[in-house]
Amino acid sequence: MDSHRWTGSIDGSAGGTDGADARLVPLPLGCGGSGSGGDEFLGLDLRLMNGVWGTDVSEELGGDTWPVRVGSLGLKNKACGFNAQGPWLASCVRDDADVVGTEDGKTKQRYVVVVAEPDAEVTSAGGGDVLGRDETAWKLTAHPPVSVQTALPCDCSYEIVDGLDESIVLAAGVARAGATERIVDVNPASSLRLRLVPLDPVTGAPRGRCVGSVPLNGTRVGGRSGGSERSPKVHEMLVDQSANFSGSNSGRSEFVRLAVTCEPACATHVRSGPAPILVDVRAPLLIANGCPFPLVCSGVGFVSNSNSNLKFHGSSVQPGRQAMVPTDPVTSAANTNVNTEDLHARVVYVAREGDGRAPSRIDIAPGSVVRSAVSTAEGVVEVVASASAWAPPGVSSLASTSPCLRVTVVPSLAVVNLSGYRVAIEAAGGGIPRDLEPGAGPVCVFAPPRSISENHKRRGKKKKRKGRPGDRKSTRL
């Protein structure tokens with residue numbers, strides 16, 4: 001066996017000297033495929049900075065997931081009898097700062113998963129195969145066991161719990177909207193489940209509670225079965241935001257439903273370790289409020305009882321803000337497999353918050369623009385709703401099995417007083433006059449209910465009417 005030893009380091013940042021990427025480091029001779037000079041006795045070990053070298057924690061997987069057989073890449077596990085294809089899993093313990101609690105003094109474990117993939121940029125350099133017909137260059141990437149990306153309009157607190165005993169919290173923290181939370185505190189060879197709670201964008205306080213966790217992997221994980229299934233699994237997570245709901249309360253909660261997509265980052269093989277888990281979280285329906293007054297919105301229908309008391313539950317959406325709203329379920333009670341679907345038409349119910357009036361129903365499809373009306377105590381406001389796919393900056397809105405549809409609601413007519421005088425505005429056909437001070441606005445133009453309904457009936461007809469004093473907006477200077 002060769003006795004030579006080589007060590008190097010990798011920085012987690014992207015920058016480096018002379019424009020080089022500090023996250024990349026070339027490996028010495030002896031690494032790679034056996035046909036291109038690879039040393040079958042050569043192994044690659046890793047450790048976190050100021051920590052100890054990785055150890056194999058996969059006795060239940062056959063005890064062959066560490067170290068990385070870095071000189072035998074390209075061989076098949078079934079043929080060679082050991083893990084040459086990866087992924088490889090190791091436990092890395094850091095320094096004394098990771099000692100948890102004072103009762104047992106246990107040292108916290110950190111986990112790393114290494115994945116091998118062909119490096120096409122090297123293999124095909126200069127337009128030809130520089131390593132030979134049957135050989136390829138390889139790239140090894142160290143992954144956290146779980147990466148969570150929340151494509152939501154707010155941050156979320158998360159907990160990863162033991163899949164067999166959910167009272168055991170393995171990792172916890174805050175996942176920032178649009179950012180990737182890399183979690184190294186959990187063992188992907190064990191059964192894991194996820195809980196999420198949205199946080200208020202202004203106060204940071206929890207908005208509701210998670211009703212049940214969703215699985216990140218199965219109870220049988222790793223490469224023991226030799227399966228290479230990489231199809232994403234989509235689960236529905238329920239968030240009870242009843243404390244944040246507005247409208248008439250019937251004592252019944254409506255749930256905000258999140259689509260949690262779990263996908264392995266690579267294939268697994270016989271004798272290999274488990275794959276890193278990529279988690280994408282999205283809300284099926286989002287409402288953006290462009291009106292100068294708060295709205296209460298929902299994607300779930302409403303009913304009235306015999307006493308004419310409205311049973312309407314919806315999320316409060318403040319002016320200039322956007323929020324996730326309740327939607328109908330898309331999964332069975334088992335909560336295991338959600339049918340993935342592209343963006344589709346939805347029904348949205350919108351009302352002014354605090355008025356207690358019946359909400360307006362808006363039927364809208366992605367890419368469409370729809371006119372509707374919202375009834376308020378002051379009168380009726382004609383609104384325009386538009387719908388499109390949405391994701392936070394830096395995240396693709398359509399690169400998901402469960403994309404989010406954002407419906408934006410704005411008044412069709414709003415007035416800003418840019419003059420130096422107080423003015424009064426009034427909707428054509430009547431309505432409630434409003435005085436605007438200099439610089440005031442934007443404010444909605446309220447019309448009587450009859451005028452809005454008649455306009456909707458005559459939509460598309462261009463019929464010239466005779467002028468009447470009540471048909472023009474009054475302006476007093």
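One-based numbering along the sequence shown.
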On a heavy-atom basis, which atom in [X] and which in [Y] lie closest, and how many Å separate them?
X: V114; Y: L140; value: CG1-CB, 4.2 Å
X: E236; Y: V214; value: O-CG1, 3.7 Å
X: L89; Y: N187; value: CD2-OD1, 3.6 Å
X: P392; Y: L152; value: CG-O, 3.5 Å
X: C262; Y: H235; value: SG-CD2, 4.3 Å
X: A387; Y: A365; value: CB-O, 3.7 Å

Charged N to carboxylate O below 4.0 Å: is that the case for E159 and R193? no
Taking the side chain as C-beta and beyond, is there a heavy-atom pair between [X] and [Y] under 4.5 Å?
X: C154; Y: L199; answer: no
X: V115; Y: P276; answer: yes
X: V113; Y: P144; answer: no
X: L75; Y: Q85; answer: no
X: V148; Y: T180; answer: no
X: S190; Y: D162; answer: no
X: P201; Y: R321; answer: yes
X: R110; Y: D185; answer: yes

Whether the side chain of [X] engages the backbone of [Y] through a donor-acceptor N/O pair (distance < 3.5 Å, no angle test) should be reported.
X: N77; Y: A84; value: yes
X: D280; Y: T261; value: no
X: T150; Y: R176; value: yes
X: T203; Y: D200; value: no
X: N289; Y: G320; value: no
X: W88; Y: N83; value: yes
X: R357; Y: R352; value: no

Side chain to side chain contact (heavy atoms under 4.5 Å, CB included) for I362 and V347? Distances and angles first, verdict last. CA-CA 6 Å; I362 301 176; V347 177; over 6 Å; no
I need the [X] [atom1] to [Y] [atom2] distance, nearest 0.5 Å.
X: Y111; Y: S91; atom1: OH; atom2: OG; result: 5.0 Å
X: T327; Y: L258; atom1: OG1; atom2: CG; result: 8.5 Å
X: R282; Y: W390; atom1: CZ; atom2: CH2; result: 9.0 Å
X: S315; Y: M324; atom1: OG; atom2: CE; result: 8.0 Å
X: C156; Y: R195; atom1: SG; atom2: CZ; result: 14.5 Å
X: D165; Y: S191; atom1: CG; atom2: OG; result: 11.0 Å

Quickly, which of V325, T408, V350 forms a side chain to side chain contact (heavy atoms under 4.5 Å, CB included) with I287? Name it, please. V325
Give the intermediate values and the outcome of side chain to side chain contact (heavy atoms under 4.5 Å, CB included) for residues V407 and L285. CA-CA 8 Å; V407 178; L285 184 59; 4.0 Å; yes
Would you say the side-chain atoms of E166 and S213 include a donor-acceptor pair closer than 3.5 Å? yes
Is R69 positioned over the aromatic face of F82, cation under 6.0 angstrom from the ring centre and no more than 45 degrees off axis? yes
Using the side chain to side chain contact (heavy atoms under 4.5 Å, CB included) rule, take Q318 and E353 through it: C-alpha gap first, then chi angles, then the decisive distance, then the call. CA-CA 9 Å; Q318 297 301 310; E353 185 177 20; 3.4 Å; yes
Go through L405 and R346 one step at a time and tell me if the side chain to side chain contact (heavy atoms under 4.5 Å, CB included) criterion holds. CA-CA 9 Å; L405 181 69; R346 289 195 175 270; 4.1 Å; yes
